[in-house]
Amino acid sequence: MKHNGLFITLEGVEGAGKSTQIHRLADAIGENVLVTREPGGTPISEQIRNIFLSNSDMCASTELLLIAAARAQHVTESILPALNTGQIVICDRFSDATIAYQGYRKGIALQQIEKVNHIATGGLTPDVTFLLDLSPEIGLQRKRNSDEPLSRLEHEKLTSHQKVRQGYLAIAKSEPHRVVLIDAQLDEDTIHQLLVSETKKRIVSSKSFISYT
Ligand code: TMP
């Protein structure tokens, strides 16, 4: 799908450090940036996020359809309008998360996920995806050490998180031009520099009106 902006997504297992890096990257880019997240990013999508995260015993198809509903609203109301006006959109998780979490973790066929993702996104795909790769043991330990309570997904057993990681690594392998694989055990500043330099490259090569302040 054509647009005038730059669509960046960050992905990774729980505790990979996406949030910190997203905010640092947005600060480094300066103006003209929309930072958003999935599931969420609009009032309707944030309501769906609450339903998604606060109910246990949710079946796989319900997870998929809730995530897709939140994404459809997010793309239509927020992401696409921003991209069409030449903004840089940095999104904390997007369609790849559905492949990793609802496909690899919950076992939904990847073809089905692709179809549902397509309905939700209208064909919008990220220009670049930074995958912060980390062993789930370390990621979950980081989460446990933080002040925030664990979400229902974070409470799941380790094998579930390992499947998510496998899913992400499979995506990175199949789409090396789009997905930049980053070792999330590198120190925070090194990761930040990597993200900034990769983003600058994309800004230069995009035929948009984006400038780097
Ligand atoms: P967050 O904690 O990174 O904000 O993400 C919220 C949770 O939602 C996280 O556990 C992963 C999950 N999720 C999915 O299961 N599928 C998806 O497509 C997305 C975007 C998130």
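One-based numbering, in listed order, for ligands and for the atoms of each.
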**OP:** Verify whether one side chain among Glu156 and His161 offers a donor that lies under 3.5 Å from an acceptor in the other.
**Re:** no
Original post:
Cut-off 3.5 Å, side chains only: do Thr129 and Arg178 have a donor facing an acceptor?
Top reply: yes
For ligand 1, note which part of [X] has a heavy atom under 4.0 Å away: side chain, backbone, both or neither.
{"X": "Ile67", "value": "side chain"}
{"X": "Glu14", "value": "side chain"}
{"X": "Gln102", "value": "side chain"}
{"X": "Arg71", "value": "side chain"}

**OP:** Please state whether Ser151 comes within less than 4.0 angstrom of ligand 1, counting heavy atoms only.
**Re:** no
**OP:** Measure the spacing between CG of Leu195 and CZ of Arg24 and express it to the nearest 0.5 Å.
**Re:** 9.5 Å
Heavy-atom nearest neighbour in the protein, as seen from [atom], with distance rounded to 0.1 Å:
{"atom": "atom 19 (C) of ligand 1", "value": "Ala97 CB, 3.6 Å"}
{"atom": "atom 8 (O) of ligand 1", "value": "Phe52 CE2, 3.5 Å"}
{"atom": "atom 18 (O) of ligand 1", "value": "Thr98 OG1, 2.7 Å"}
{"atom": "atom 4 (O) of ligand 1", "value": "Arg49 NH2, 2.9 Å"}
{"atom": "atom 5 (O) of ligand 1", "value": "Arg93 NE, 3.2 Å"}
{"atom": "atom 7 (C) of ligand 1", "value": "Leu53 CD2, 3.9 Å"}

**OP:** Provide the number and element of each atom of ligand 1 under 4.0 Å from a heavy atom of Glu38.
**Re:** 20 (C)
Subject >> Cation-aromatic face contact Arg165/Tyr104, 6.0 Å, 45 degrees >> reply: no
Subject >> Test item: Glu63 side-chain N/O and Ala60 main-chain N/O as donor-acceptor pair under 3.5 Å >> reply: no
Original post:
Any donor-acceptor pair under 3.5 Å linking the side chain of Thr62 with the backbone of Met58?
Top reply: no
Original post:
Between Lys18 and ligand 1, does any nitrogen or oxygen pair lie at a separation below 3.5 Å?
Top reply: yes
Original post:
Among Val35, Asp127, Ile8, which residue meets the side chain to side chain contact (heavy atoms under 4.5 Å, CB included) test with Ile88?
Top reply: Ile8
**OP:** Could you tell me which non-hydrogen atom of Ile90 sits nearest to which non-hydrogen atom of Leu10, and how far apart they are?
**Re:** CG2-CD1, 4.0 Å
Subject >> Where Thr36 and Gly41 come nearest, the two heavy atoms and their spacing >> reply: OG1-CA, 3.4 Å
